[in-house]
Amino acid sequence: MHTVTVDLGERSYAISIGSGILDRLPGVLSQAHMGGPLALVTDSNVGPLYAGRVRALLSEYEVHICTLPAGEDQKRLSQIEWLCGRFLEGGLDRGSGVVALGGGVVGDVAGFAAATFMRGIRFAQIPTTVVAQVDSSVGGKTGVNHPLGKNTIGAFHQPSAVLVDMTLLETLPPRELCSGLAEIVKHGMIADPALFDYMEKNAEPIVRGDLAALEWPVVRSCEIKADVVAQDEREQNLRAILNYGHTFGHAIESATRYTRFLHGEAVALGMICAGQLAVDARLLDPESARRQRDCLRACRLPVAWPEGFESPAAVDEAVALMKHDKKARAGALRFVLPDRIGHVVQRADISREQVRKAFEALRQMPAPTRAT
Ligand SMILES: NC(=O)c1ccc[n+]([C@@H]2O[C@H](COP(=O)([O-])OP(=O)(O)OC[C@H]3O[C@@H](n4cnc5c(N)ncnc54)[C@H](O)[C@@H]3O)[C@@H](O)[C@H]2O)c1
Ligand SMILES: [Zn+2]
């Protein structure tokens, strides 16, 4: 088992990562001083698969299972009210804890409920998607969407413990697994050439579901994110590098009404755009941009608009939407751009024309350059 520590002074916590380690949950929770009664928050896909097992492991606690319908549209304020009602009915108090069992949606909603219930109670995460294991369960961002904007209502609330059991991914649909790989490739691109190389070489077994091959990149991703978060918990500056590919990605997600692409798929397209922008700005060599594209493609992620999709209107709308991105500061578009594999810089001097041109990268569909 690997342990990654998120070093935040008195709010530090451990991420335990391994295969078949779910049984360690009682020890993990007691080390994190989680008292009962506990609320186990899950969704309608994950609950039937794993909630019974988790409840059985927690036989020493009074456990209240709260099951949300699965899906991003459940990330809304009304579910916080519903959860807090369940917590009150279950007798949770200031010493109680919330355990999130599921993907990023469950983690964000359960975390925000824990952040606000009785002005904040402890919570722990058992992430069951790759996105949640390498991204959403690390760093303490919790929240819900508003009809006018995604992730616009939320709080920083660090978990007290995170338990990552790789075997929980066995039931994850392959498209969801591949979506999560985008965030791992992103971590390689922003901070670690060795992680990028590993993904380049091992994408094939990983997309076939070889979870042993996925363990090291999950550990490494958690280390990278934990390190960035420890230096800049509230995103004053450095933490923004984790948004690599996301300015373009969010614009693509909103322009397609969150229905066409999974988050990681949109981020993969966003990294292609950011890579092209970096090449056009003479920051990145074209060979590195090609390697990024081939690696994402090997992870079964989209690297161009799907056939028949491309429409100038969608791109125009995407460019316009970037202005509304909550990460845009004082109207200036900020971009995280790679200057080599494993390193990024932040730039605030990018013109709209450069942005529009970067989207052009998604028109082309070059054949893979590597022999297969
Ligand atoms: N807080 C953060 O820092 C942060 C970071 C990244 C993403 N997010 C958020 O995370 C959300 C996306 O997370 P996600 O990609 O995990 O989506 P998700 O939570 O919707 O899960 C994807 C789908 O897989 C199902 N599922 C989950 N685990 C499963 C398993 N083991 N077996 C079978 N089915 C399973 C879910 O029910 C759902 O249908 C977005 O709302 C995003 O904003 C937050
Ligand atoms: Zn992301």
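Read the numbers this way: they start at 1 and go in the same order the structure lists the ligands and their atoms. By convention here, the first residue in the shown sequence is residue 1.
Of the protein's non-hydrogen atoms, Thr171 O, 3.1 Å is the one closest to atom 33 (C) of ligand 1. With respect to atom 21 (O) of ligand 1, the closest heavy atom belonging to the protein is Thr129 CG2, 3.7 Å. Among protein heavy atoms, the minimum distance from atom 28 (N) of ligand 1 is reached at Thr128 OG1, 2.7 Å. Closest to atom 38 (C) of ligand 1 among all protein heavy atoms lies Asn45 ND2, 4.0 Å. Ser136 CB, 3.2 Å is the protein heavy atom nearest to atom 4 (C) of ligand 1. Nearest to atom 26 (N) of ligand 1 among the protein's heavy atoms is Val46 CG2, 3.7 Å. If you check which protein heavy atom lies closest to atom 36 (C) of ligand 1, you get Asp43 OD2, 3.4 Å. For atom 9 (C) of ligand 1, the nearest non-hydrogen atom of the protein is Asp108 OD2, 3.4 Å.
Within the 4.0 Å heavy-atom criterion, both parts of Lys141, backbone and side chain, lie near ligand 1. With a heavy-atom cut-off of 4.0 Å, Asn151 touches ligand 1 through its side chain alone. With a 4.0 Å heavy-atom cut-off, ligand 1 is reached by the side chain of Lys225 but not by its N, CA, C or O. Neither the backbone nor the side chain of Glu183 comes within 4.0 Å of ligand 1, counting heavy atoms alone. Residue Val138 does not touch ligand 1, judged by heavy-atom distances below 4.0 Å.
Between Arg347 and Asp349 there is a salt bridge, since a side-chain N of the basic residue sits under 4.0 Å from a carboxylate O of the acidic one. Between Lys225 and Glu183 there is no salt bridge, since no side-chain N of the basic residue sits under 4.0 Å from a carboxylate O of the acidic one.
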Handout entry: Worked check of salt bridge (charged side-chain N to carboxylate O under 4.0 Å, His left out) between Lys357 and Glu360
Key = CA-CA 5 Å; Lys357 200 159 165 260; Glu360 305 258 313; over 6 Å; no
Exercise for the section: Report the C-alpha distance between Asp7 and Thr5 in whole Å, list the side-chain angles of each, state the deciding distance to 0.1 Å, and finish with yes or no for side chain to side chain donor-acceptor pair (under 3.5 Å). Expected result: CA-CA 6 Å; Asp7 196 355; Thr5 304; over 6 Å; no
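Residue contact annotation: Asp135 places no N/O/S atom under 2.8 Å from the Zn ion (ligand 2).
Distances from atom 13 (O) of ligand 1 to the heavy atoms of Gly102, Gly143, Gly104 put Gly104 nearest. Among Leu262, Thr42, Val105, the residue whose heavy atom lies closest to atom 20 (O) of ligand 1 is Val105. In this comparison of Glu170, His263, Glu72, Lys75, the heavy atom closest to atom 43 (O) of ligand 1 sits on Lys75.
A continuous path of Ile, Leu, Val, Met, Phe, Trp and Tyr side chains, each step under 4.5 Å between heavy atoms, connects Leu58 with Leu49, placing both in one hydrophobic cluster.
Two rings, from Tyr244 and Phe335, have their centers 6.0 Å or more apart. Annotation: His157 is in aromatic contact with Phe123 [ring centroid separation under 6.0 Å].
Atom CG of residue Asp280 and atom CG of residue Leu337 lie 10.5 Å apart, to the nearest 0.5 angstrom. One finds the CG atom of Leu77 at 6.5 Å from the CZ atom of Phe112 (value rounded to the nearest 0.5 Å).
Using a 4.5 Å heavy-atom cutoff, the side chains of Gln133 and Val138 are not in contact. Proximity of Gln74 to Val109: side-chain heavy atoms (C-beta onward) are nowhere separated by under 4.5 Å. For the pair Phe87/Val98, a side-chain contact is recorded, criterion being any heavy-atom separation below 4.5 Å from C-beta on.
Of all N, O or S atoms in Glu183, the one lying closest to the Zn ion (ligand 2) is OE2.
Close contacts between ligand 1 and Gly103 involve ligand atoms 16 (O), 19 (O) [criterion: under 4.0 Å to a heavy atom]. Near Leu49, the atoms of ligand 1 lying under 4.0 angstrom from a non-hydrogen atom of the residue are 32 (N), 33 (C). Close approach of ligand 1 to Val131 (heavy-atom distance below 4.0 Å) involves ligand atoms 7 (C), 13 (O), 15 (O), 16 (O). For ligand 1 and Glu176, the ligand atoms under 4.0 Å from any heavy atom of the residue are 22 (C), 23 (C). Within the listing of ligand 1, atoms 37 (O) sit less than 4.0 angstrom from a heavy atom of Ala70. Near Lys150, meaning under 4.0 Å from one of its heavy atoms, ligand 1 places the atoms 40 (C), 41 (O), 42 (C), 43 (O). Ligand-side atoms of ligand 1 in range of Asp135: 5 (C), 6 (C), range being under 4.0 angstrom from any heavy atom.
Geometry about the Zn ion (ligand 2) gives an angle of 100° between NE2 of His246 and NE2 of His263, rounded in steps of 10 degrees.
The backbone N or O of Leu101 sits less than 3.5 Å from a side-chain atom of Thr42, completing a donor-acceptor pair.
Evaluated for a side chain to side chain donor-acceptor pair (under 3.5 Å) with His263, the options Glu176, Lys150, His246 yield exactly one hit, His246.
Within 6.0 Å of atom CD in Gln231, more than 12 heavy atoms from other residues, nucleotides or ligands are found, so the atom counts as buried in its surroundings.
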